[in-house]
Amino acid sequence: MPELPEVEALREFLDHHLTGRAVDRVLPLAVSVLKTYDPPLTALEGQPTGPVARHGKFLDLPIGTLHLVTHLARAGWLRWQDSLPAQPPRPGKGPLALRLALDDGSGFDLTEAGTQKRLAVYVVRDPQEVPGIARLGPDPLADGFDREAFAALLAGERRQIKGVLRDQSVIAGIGNAYSDEILHAARVSPFKLASSFDEEQVTHLYEAVRETLREAVERARGLGAGQLKAEKKSGLRVHGRDGEPCPVCGDTVRSVSFADSSLQYCPTCQTGGEPLADRRLSRLLK
């Protein structure tokens, strides 16, 4: 799933390619992709594009007085083309979900792999009309997101820190991959209760959040949309690297599986050398 660093890189890429152009047409190609019907997609035709924004993992494309907002979900992606085919694609064929064409012949396709169709597109007058945006917590890279603001989010939070970091209503933009990376950088067990952090641990975790995301954004900056997936994977230290050596200590990276996802961690760096065999059985809070 694209997370804050990849979506921020897509925002910069689209901002460079879209701003100052006008929309020629928007073609919905999958029944499930469009989540709003008023205003219609046709209201975007002929309208100028404005500076692209990001809200957590949502991309916000101002078009005229409206906003085309998309969330790429787990298997969605954006594919840019400098010259779109003259022949419009056939609905329901392949992974294509939506095509946006600009007045100069360029544009992008939104695609989604797999059978779980969760990619979402909204046309709204205000981004806050999108339920997922209205529920978002603060952006962890915003100037006002300081250590005290982060500490306030953790205070009284009885859930495990891994789940808190992934909760978009608490902090916007962090998903499964970067929560693993942040906790590894902070040397914290993913099962540690958020409310159990002392002052020093809160500071250390806050710094890990900011530094991990900033470094990922910098690695992705300037890359084309087609290069971002590979860059994300190459920059991850523990996530998706079950069985590989930890780049910090050399211990074997281990995994804990859930119903529809998994987490990765280093026992030496994060859990005092002890493996987390199962989330329900583990009592490790170090």
Side-chain angles (χ1 to χ4, degrees), residues 1-4 6-81 84 88-89 91 96-112 117-145 167-175 225:
M1 176 184 290
E3 300 179 33
L4 186 156
E6 295 78 49
V7 179
E8 176 61 17
L10 284 174
R11 184 202 67 77
E12 292 185 356
F13 177 87
L14 289 175
D15 193 53
H16 175 72
H17 286 79
L18 293 182
T19 302
R21 304 239 56 93
V23 172
D24 180 43
R25 64 192 185 279
V26 184
L27 302 174
L29 302 166
V31 175
S32 60
V33 67
L34 192 60
K35 305 304 180 184
T36 57
Y37 301 96
D38 180 25
L41 282 173
T42 54
L44 304 176
E45 295 177 359
Q47 299 300 310
T49 60
V52 180
R54 177 184 60 79
H55 312 278
K57 302 178 192 177
F58 289 84
L59 279 170
D60 173 9
L61 283 59
I63 302 174
T65 60
L66 302 175
H67 297 259
L68 180 72
V69 176
T70 185
H71 189 288
L72 296 172
R74 176 172 293 183
W77 197 244
L78 184 147
R79 185 173 64 195
W80 177 265
Q81 298 187 67
L84 289 169
L96 286 180
L98 181 137
R99 172 168 290 176
L100 183 144
L102 297 173
D103 57 353
D104 66 347
S106 66
F108 64 80
D109 292 330
L110 294 180
T111 65
E112 186 170 28
K117 301 302 182 183
R118 297 178 180 175
L119 187 151
V121 173
Y122 309 80
V123 179
V124 293
R125 295 173 180 85
D126 185 329
Q128 290 298 316
E129 296 174 21
V130 178
I133 293 179
R135 292 194 298 265
L136 287 177
D139 191 294
L141 292 186
D143 292 339
F145 189 75
D167 187 339
Q168 300 303 292
S169 67
V170 177
I171 305 173
I174 301 172

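For clarity, every value in this text was computed on a predicted model and none was experimentally measured.
- A 4.5 Å side-chain heavy-atom check between Thr111 and Leu96 finds at least one atom pair inside the cut-off.
- Closest of all the heavy-atom pairs between Ala172 and Pro140 is O-CD, 3.0 Å.
- Across every non-hydrogen atom of Pro62 and Val52, the tightest pair is CD-CA, 4.1 Å.
- Looking only at distances, a side-chain donor or acceptor of Glu3 sits under 3.5 Å from a matching main-chain atom of Gly175.
- Between the side chain of Thr49 and the backbone N or O of Leu18 there is at least one donor-acceptor pair closer than 3.5 Å.
- Annotation for Leu141 and Asp139: closest pair N-OD1, 2.9 Å, computed over non-hydrogen atoms.
- When the side-chain contact (heavy atoms from CB on, under 4.5 Å) test is applied to Arg25, the partners found at least two apart in sequence or on another chain are Leu27, Glu45, Ala101.
- Taking the side-chain contact (heavy atoms from CB on, under 4.5 Å) definition, one finds that Glu8 meets it with Arg11, Glu12, Arg54, Val217, sequence neighbours left out.
- Residues meeting the side-chain contact (heavy atoms from CB on, under 4.5 Å) test with Phe13, sequence neighbours left out: His17, Trp80, Ala225.
- Ser169 approaches Asp167 most closely through the heavy-atom pair OG-OD1, 2.6 Å.
- Under the rule for a side-chain contact (heavy atoms from CB on, under 4.5 Å), the partners of Ala43 that lie at least two apart in sequence or sit in another chain are Pro39, Pro40, Leu66.
- In terms of heavy atoms, Ala73 sits closest to Pro2 at O-CD, 3.3 Å.
- Of all heavy-atom pairs between Leu84 and Leu100, the closest is CD1-O, 3.8 Å.
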Acceptor/donor pairs from residues 118-135 side chains to any protein atom, 3.5 angstrom cut, sequence neighbours excluded:
from   : atom 1 : to     : atom 2 : distance (Å)
Arg118 : NH2    : Gln116 : OE1    : 3.1
Asp126 : OD1    : Gln128 : N      : 2.9
Glu129 : OE2    : Asp126 : N      : 3.3

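- Listed by first then second residue, pairs satisfying salt bridge (Lys or Arg N to Asp or Glu O under 4.0 Å) with a partner in residues 72-81 read Arg79-Asp109, not counting sequence neighbours.
- Residues Leu10 and Leu72 form a side-chain contact, since some pair of their non-hydrogen atoms from C-beta on lies under 4.5 Å apart.
- Counting only distance, with no hydrogens or angles, the side chain of Gln168 and the backbone of Ile174 share a donor-acceptor pair below 3.5 Å.
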